[in-house]
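Below is one structure, written out as structure tokens; comments come after it.
Given the structure is predicted, the values throughout are model-derived calculations rather than measurements.
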Amino acid sequence: QVQLVESGGGLVQPGGSLRLSCAASERTTSMLNVAWFRQAPGQERSLVASITWRLGLTYYADSVKGRFTISRESAKNTVYLQMNSLKPGDTAVYYCAAGAQMTRTAGAYDYWGQGTQVTVSS
């Protein structure tokens, strides 16, 4: 069973930065794409960014373009989300997910991490 472990969340002031990490216990053919989702209280889980392992193709939600950067380190089976210029609206639990397709649909992802809290507040 593939496991995804997130780390790097925390409390940061508006304008600050955080880097989230998602370490996979292994990589399989059903994990061609890795994504970061977020979910704030009372809201649906939504895609923030995604990246493909092989070619490094990326996708970003409009709300984070120019502020967040997703990257991968294949040798460590790890995907990162660098978050800069953070806003209070970025406050949410951030989840790492892996699946076979590059899609915005959460239900299409086969593997999920436990989530890490990001709070942006002064």
Applying side chain to side chain contact (heavy atoms under 4.5 Å, CB included), run through Ser21 and Lys76 and close with a yes or a no.
CA-CA 11 Å; Ser21 298; Lys76 295 185 177 181; over 6 Å; no
Take Thr78 and Tyr80 through the side chain to side chain contact (heavy atoms under 4.5 Å, CB included) test and state the conclusion after the steps.
CA-CA 7 Å; Thr78 299; Tyr80 304 98; 3.5 Å; yes
Step by step, work out the side chain to side chain contact (heavy atoms under 4.5 Å, CB included) result for Leu86 and Gln13.
CA-CA 8 Å; Leu86 283 161; Gln13 292 186 344; over 6 Å; no
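With sequence neighbours left out, Ser17 forms a side-chain hydrogen bond (donor to acceptor under 3.5 Å, both in side chains) with Asn84. With sequence neighbours left out, the side chain to side chain contact (heavy atoms under 4.5 Å, CB included) criterion links Thr116 to Glu6, Leu20, Tyr94. When the ring pair (Phe, Tyr, Trp, His ring centres under 6.0 Å) test is applied to Tyr95, no partner is found at least two apart in sequence or on another chain. Remark: Ser121 pairs with Leu11, Thr119 by the side chain to side chain contact (heavy atoms under 4.5 Å, CB included) rule, at least two apart or across chains. Applying the side chain to side chain contact (heavy atoms under 4.5 Å, CB included) rule to Arg67 yields the partners Val64, Ser85, Lys87, Asp90; only residues at least two apart in sequence or on another chain are considered.
Criterion: ILVMFWY side-chain heavy atoms under 4.5 Å apart, direct or through other members. Under it, Phe68 and Val120 are part of a common hydrophobic cluster. Tracing side-chain contacts under 4.5 Å through hydrophobic residues (I, L, V, M, F, W, Y), one reaches Leu81 starting from Val34; they form part of the same cluster. The hydrophobic clustering, which links ILVMFWY residues whose side-chain heavy atoms are closer than 4.5 Å, places Val118 and Val79 together.
Taking both residues in full, the closest heavy atoms of Ala61 and Leu47 are given as CB-O, 3.5 Å, listed atom of the first, atom of the second, then distance. The heavy-atom pair separating Tyr109 from Ala98 by the smallest distance is CD2-C, 3.6 Å. The two residues Trp36 and Cys22 come nearest to each other via the heavy atoms CZ2-CB, 3.5 Å. Pairing each heavy atom of Gly115 with each of Val93, the nearest pair is CA-CG1, 3.9 Å. Residue Trp112 comes nearest to Ala106 through the heavy atom pair CZ2-O, 3.3 Å, listed as atom of the first residue, atom of the second, then distance. Between Thr103 and Ala108, the shortest heavy-atom contact is CG2-CB, 3.5 Å.
Few gaps surround CD on Gln114; more than 12 heavy atoms of other groups in view lie less than 6.0 Å from it.
Atom CD1 of Ile70 and atom CE of Met83 lie 11.5 Å apart (nearest 0.5 Å). Between the NZ atom in Lys65 and the OG1 atom in Thr58 there is a gap of 9.5 Å [rounded to 0.5 Å].
Using a 4.5 Å heavy-atom cutoff, the side chains of Gln101 and Leu32 are not in contact.
Among residue pairs with one or both ends in residues 39-54, those qualifying as side chain to side chain donor-acceptor pair (under 3.5 Å) are Gln39-Arg45; sequence neighbours excluded.
A donor-acceptor contact shorter than 3.5 Å is absent between the side chain of Asn77 and the backbone of Ala23.
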